[in-house]
There are 2 protein chains.
Amino acid sequence: MPEQQPPYLRIADELRRRIAEHEWEPGDRLPSRTQIGQECGVGENVVRRAQELLISQGVLEGRAGSGTYVAKPCQRVRVVRSSAREQGGGSPFGADMRALGKQGDWESRTEAKFPAPAEIAARLGIAEGDLCVRTVYEFLADGRPVQLSTSWEPYDLTGGTLVVLPEGGPHAGAGVVNRMAQIGVTVGHAVEQPEPRQATAEEASLLGIQKASLVTHIQRTYYSDEGRPVETADIIVPAALCEIVYEIPINR
Amino acid sequence: MPEQQPPYLRIADELRRRIAEHEWEPGDRLPSRTQIGQECGVGENVVRRAQELLISQGVLEGRAGSGTYVAKPCQRVRVVRSSAREQGGGSPFGADMRALGKQGDWESRTEAKFPAPAEIAARLGIAEGDLCVRTVYEFLADGRPVQLSTSWEPYDLTGGTLVVLPEGGPHAGAGVVNRMAQIGVTVGHAVEQPEPRQATAEEASLLGIQKASLVTHIQRTYYSDEGRPVETADIIVPAALCEIVYEIPINR
DNA sequence: TCGAATTTGTGCGTATGTATC
DNA sequence: GGATACATACGCACAAATTCG
């Protein structure tokens with residue numbers, strides 16, 4: 001006897017086929033699990049497994065208490081990460097949004113004297129417990145949250161200057177590179193380390209995405225031209241909402 | 001009554017605690033699930049859920065027919081992606097490995113006249129079905145596979161020249177930038193689009209990683225200084241084995 | 001306004017497959 | 001080849017969310 005496909009995969013293919021044939025359009029609600037189960041001659045649980053698979057692939061979308069829906073292929077926000085992006089006076093995120101013809105806003109909450117946890121201290125080259133300026137961001141494209149970020153700057157670098165608060169004072173929202181330039185610190189390069197992982201429950205709720213869906217967690221650190229870390233951030237980019245693009249010049 | 005932690009999370013914390021207290025060292029085999037279940041007063045299935053959670057987080061490692069093991073915190077390979085990496089005569093991957101003091105090898109299989117599928121054609125700016133040179137790579141660090149890649153070059157660009165075959169002829173393994181230079185094509189910049197996803201069964205088997213563990217799928221395209229795409233590749237970087245680092249110079 | 005019905009989501013158990021020793 | 005242990009598939013019960021009368 002040749003090995004045959006397990007039932008839940010057969011149902012998954014069946015659902016995918018019907019969607020491809022436009023039996024259900026994006027945004028439509030599927031029949032209930034019991035209904036599909038009876039129709040296809042399988043248990044309710046098999047349908048659930050099939051739907052869970054398609055949900056994890058972004059084909060379907062489950063809404064508790066309401067139903068299972070065909071996911072809308074929403075246009076993703078293109079997040080460009082390159083040296084060119086840091087030029088000009090505004091914020092990098094604002095530049096991304098302007099390039100897409102979208103409105104870019106953000107909400108932020110700053111704590112001016114936050115003791116550095118061990119990992120952040122290591123990234124900033126300071127001692128654990130040293131004071132930092134910690135800012136939590138929520139970035140919005142056309143009013144919808146699309147990206148999260150938590151930024152850390154050593155307090156002894158900016159304390160007492162006009163740019164202590166990233167989102168306050170005359171240079172609010174100008175971006176790290178521009179703000180550091182105001183106090184005579186030249187940012188020489190940035191290092192970004194993108195790691196794939198699944199969204200936490202809190203992140204999923206803030207971003208309005210399915211639970212445990214995939215995100216890229218970028219650890220970014222800006223260095224002064226003398227090699228000192230001047231800012232580090234944890235940036236959460238949900239795969240369902242954003243595509244990340246690195247542009248790398250090739251010098252020879 | 002306040003809501004209490006579900007049993008499987010309690011067991012997960014219990015296992016994590018015991019590992020942290022060195023009751024089991026990295027590489028050790030845990031007791032069987034029935035044994036742990038009896039010891040902790042829960043069903044075997046609860047233990048399984050707890051272990052699955054820790055496996056997905058990379059704390060444990062399951063081996064069918066053998067047991068569940070404490071994962072070894074293996075040193076990850078640092079993959080640097082920057083403009084500087086393309087300088088010098090050798091291959092970018094070889095440079096990464098030399099920087100780590102590891103031996104960098106790779107195996108490849110080239111098909112010289114492969115019709116381009118629709119997606120690749122779009123990325124290379126050619127018509128679907130146009131011929132390409134398609135090369136499948138498996139990159140090894142100290143003999144262990146750590147990265148996969150499938151590369152596509154338009155045949156009409158290199159056909160009839162000495163560098164048709166990426167891994168053959170006098171410039172074998174020199175990297176795209178160097179090989180293109182040999183035929184008078186200057187590579188101006190690269191674009192990389194990293195997407196998080198789960199490894200397929202085939203990828204997991206090739207890389208020797210846990211099934212459905214996380215990888216970064218990078219779509220990379222090299223462009224000539226005239227803006228024409230000269231190569232595109234799909235690169236699979238497993239999170240368990242490699243860390244990706246982008247170095248971005250800040251020009252002002 | 002409220003509560004009952006519906007639907008998805010979660011936790012957990014059991015049976016079977018399959019790899020390893 | 002048998003015993004053991006993990007992996008997978010499937011089923012049931014209940015909780016949570018939503019909808020609607």
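The figures that follow rest on heavy atoms only: side chains count, while hydrogens, waters and symmetry mates do not. Please read these numbers as outputs of a predicted model, since none were measured by experiment. Within every chain, numbering begins at 1; the chains are lettered A, B, ... in the order of the sequence lines, protein sequences first and strands thereafter.
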Let's see if you can work this out: which of [options] has an atom nearest to the side-chain heavy atoms of [X]?
| X | options | result |
| --- | --- | --- |
| A/T68 | D/dA9, C/dT8, C/dG11 | C/dT8 |
| A/S32 | C/dT8, D/dT8, D/dC10 | C/dT8 |
| A/S66 | C/dG11, C/dA19, D/dT19 | D/dT19 |
| A/R48 | C/dT10, C/dT8, D/dT8 | C/dT10 |
| A/I55 | C/dG11, C/dG9, D/dC6 | C/dG9 |
| B/R33 | D/dA7, C/dT10, D/dT8 | D/dA7 |
| A/V46 | C/dT10, D/dC10, D/dA17 | D/dC10 |
| B/R29 | C/dC12, D/dA5, D/dA9 | D/dA5 |
| A/E44 | C/dT10, C/dC12, C/dT8 | C/dT8 |

*Any luck finding a side-chain donor-acceptor pair between A/E52 and A/Y8 under 3.5 Å?*
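Note: A/E52 and A/Y8 side chains miss the donor-acceptor criterion.
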
_Assess, by modelled atom type and distance only, whether the side chains of B/S151 and B/E231 contain a donor and an acceptor separated by less than 3.5 Å._
yes

*Using salt bridge (Lys or Arg N to Asp or Glu O under 4.0 Å) as the criterion, point out the one residue from A/R10, A/R18, A/R16 that pairs with A/E14.*
A/R18

*Evaluate the criterion salt bridge (charged side-chain N to carboxylate O under 4.0 Å, His left out) for residue pair B/E61 and B/R63; output intermediate values, then yes/no.*
CA-CA 7 Å; B/E61 190 184 326; B/R63 295 181 211 165; 3.7 Å; yes

Measure from [atom1] on [X] to [atom2] on [N] and round the result to the nearest Å.
| X | N | atom1 | atom2 | value |
| --- | --- | --- | --- | --- |
| A/L30 | C/dT6 | CG | P | 19 Å |
| A/Q51 | C/dT8 | CD | P | 6 Å |
| A/R10 | D/dT8 | CZ | P | 21 Å |
| B/Q210 | D/dC6 | CD | C1' | 11 Å |
| A/L53 | D/dA9 | CG | C1' | 13 Å |
| A/Y8 | D/dT8 | OH | C1' | 8 Å |
| A/I36 | C/dT8 | CD1 | C1' | 12 Å |
| A/L9 | D/dA9 | CG | P | 7 Å |

*With side-chain contact (heavy atoms from CB on, under 4.5 Å) as the test, would you mind laying out the steps for A/W106 and A/Q147 before giving the verdict?*
CA-CA 9 Å; A/W106 58 90; A/Q147 205 172 303; over 6 Å; no

*Counting any heavy atom closer than 4.0 Å, what does B/T34 reach on the DNA or RNA strands: base, sugar-phosphate only, or nothing?*
nothing

_Comparing A/G43 and A/R63 on DNA chain D - which has the more 5′ nearest nucleotide_ =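 Taking each residue's closest nucleotide, the earlier one in sequence belongs to A/G43.
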
*Taking OP1 and OP2 of D/dA9, is either one under 4.0 Å from a side-chain nitrogen or oxygen of A/R49?*
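Yes, within the criterion.
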
